[in-house]
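All ligand and atom numbering here is 1-based and tracks the order in the structure.
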Amino acid sequence: MTPDKPSPVILPDAQTVTEVEHYTNSLFRFRLTRPASMRFRSGEFVMIGLLDDPHPETGKQKPLLRAYSIASPAWDETLQFYSIKVDNGPLTSKLQHIKVGDQLILKQKSVGTLVHDALTPADRIWFFSTGTGIAPFASLLREPETYERFNQVVLTHTCRDVADLKFGKELIADTKSDILVGEEAQHKLLYYPTTTRETSAKMGRITTALEDGSLFKNFKITNFNATNDRAMVCGSMGLNTDMKRILENYGLREGSNADPGDYVIEKAFVG
Ligand code: A2P
């Protein structure tokens with residue numbers, strides 16, 4: 001006879017947490033084991049999550065899933081994610097408490113527009129991000145194809161406070177010492193971090209630095225043009241709308257997986 005004991009909750013598509021690092025009260029990153037069969041393109045996102053609290057009457061638990069950009073390259077053995085923490089957020093109020101060894105739900109199907117296949121060839125690629133919108137670029141910056149396709153790679157990251165930039169600063173350092181892309185990144189990669197609320201070396205929204213030209217002056221690089229430049233955008237709704245206008249004023253045309261163009265915006269991104 002089997003002794004009476006509560007049956008363990010079996011998570012569908014379960015993966016194990018292998019690393020957790022908290023940056024601020026509202027930002028953290030974590031890594032999950034990667035299913036051996038999982039394939040994705042650097043820059044894509046997947047659905048991940050947890051089981052919701054048991055229903056008060058039925059005791060049933062429903063999966064609580066959200067779209068998360070994979071913040072590690074397609075060749076990496078584990079999957080990294082970068083997340084906000086919202087105390088009353090349905091998923092992140094729980095997700096922020098995960099520990100190494102816990103299990104999360106990961107749906108393997110990956111999709112997204114921030115992929116090399118959606119852009120036509122050019123000389124320079126720009127990755128424009130705000131907040132956790134830097135996540136897909138943490139994948140693309142460590143992707144060898146980025147340096148094979150472009151002679152210059154510029155990452156811009158705008159956050160409210162200096163502490164919010166730490167993930168990006170570490171990403172740049174890790175990319176420049178990366179065994180696969182480090183050497184190329186050392187001479188091709190430019191990084192432009194800015195803050196909008198706390199004082200730092202470079203202040204203000206990236207949209208302002210683009211429109212007043214200070215971004216180009218700062219690096220002593222040529223201005224934008226539709227022949228040389230390609231762009232990917234990931235961040236707040238406001239950033240998406242403003243960047244679309246700015247890039248189109250420069251003459252860039254929006255691309256997609258089906259019809260590659262000059263720039264792409266991740267509309268599914270959840271800050
Ligand atoms: P700001 O402080 O001026 O709003 P959030 O934390 O609200 O998601 O914002 C993250 C960063 O994105 C902040 O630094 C914010 O600047 C900036 N931001 C918000 N909207 C835009 C926009 N339309 N264009 C450029 N940057 C933006």
Side-chain angles (χ1 to χ4, degrees), residues 21-30 43 45 66-71 81-93 95-96 112-114 125-141 154-172 190-219 221 223-224 229-252 254 262-271:
E21 183 179 355
H22 293 268
Y23 292 97
T24 66
N25 288 340
S26 59
L27 292 168
F28 74 120
R29 70 166 185 95
F30 53 92
F45 65 86
R66 291 286 180 274
Y68 268 87
S69 289
I70 302 169
F81 299 93
Y82 184 46
S83 178
I84 48 164
K85 305 181 216 175
V86 180
D87 284 339
N88 58 1
L91 177 63
T92 64
S93 59
L95 198 62
Q96 63 181 288
T113 53
L114 303 181
I125 176 93
W126 295 78
F127 296 141
F128 294 105
S129 65
T130 59
T132 51
I134 193 175
F137 305 134
S139 175
L140 285 157
L141 280 187
V154 191
L155 171 71
T156 81
H157 191 207
T158 304
C159 295
R160 296 180 180 202
D161 302 320
V162 173
D164 306 338
L165 294 171
K166 190 168 178 226
F167 175 86
K169 287 190 174 152
E170 289 175 357
L171 165 70
I172 296 297
L190 299 176
Y191 169 53
Y192 194 83
T194 76
T195 55
T196 51
R197 311 266 172 121
E198 194 182 354
T199 307
S200 71
K202 296 186 189 74
M203 298 238 3
R205 290 183 170 191
I206 196 63
T207 41
T208 311
L210 264 169
E211 287 186 307
D212 69 13
S214 54
L215 180 53
F216 311 108
K217 278 195 209 105
N218 209 289
F219 287 127
I221 54 176
N223 213 322
F224 241 92
D229 290 295
R230 298 292 174 263
M232 295 194 186
V233 181
C234 191
S236 65
M237 278 304 292
L239 177 86
N240 289 354
T241 315
D242 290 350
M243 284 304 305
K244 188 177 170 67
R245 174 181 53 78
I246 295 170
L247 294 172
E248 295 203 348
N249 280 343
Y250 276 116
L252 275 74
E254 187 164 8
D262 306 326
Y263 79 93
V264 279
I265 293 184
E266 188 51 84
K267 297 177 189 80
F269 175 74
V270 192

Handout entry: Evaluation steps, side-chain hydrogen bond (donor to acceptor under 3.5 Å, both in side chains), between Thr130 and Thr158
Key = CA-CA 5 Å; Thr130 59; Thr158 304; over 6 Å; no

Practice task
Please identify each residue that fulfils ring pair (Phe, Tyr, Trp, His ring centres under 6.0 Å) with Tyr263, with sequence neighbours left out.
Solution key: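 Tyr263: no ring pair (Phe, Tyr, Trp, His ring centres under 6.0 Å) contacts found.
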
Problem - Candidates Leu215, Ile206, Leu190, Leu252 - the one meeting side chain to side chain contact (heavy atoms under 4.5 Å, CB included) with Trp126 - result: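 Of Leu215, Ile206, Leu190, Leu252, side chain to side chain contact (heavy atoms under 4.5 Å, CB included) with Trp126 is met by Leu215 alone.
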
Problem - Residue pair Leu155 / Tyr192, side-chain heavy-atom distance below 4.5 Å - result: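 Side chain of Leu155 against side chain of Tyr192, heavy atoms only: no contact under 4.5 Å found.
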
Handout entry: Whether over 12 other heavy atoms sit under 6.0 Å from Asn25 CG
Key =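 For Asn25, atom CG is not crowded (no more than 12 foreign heavy atoms under 6.0 Å).
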
Problem - Salt-bridge criterion met for Glu211 and Arg245 (N-O under 4.0 Å) - result: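 Yes, Glu211 and Arg245 are salt-bridged.
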
Exercise for the section: Non-hydrogen atoms closer than 4.0 Å to ligand 1: which protein residues do they belong to? List them by chain and number, please. Expected result: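 For ligand 1, the residues that come within the 4.0 Å heavy-atom cutoff are Thr130, Thr158, Cys159, Arg160, Thr196, Arg197, Arg205, Thr207, Ser236, Gly238, Leu239, Asp242.
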
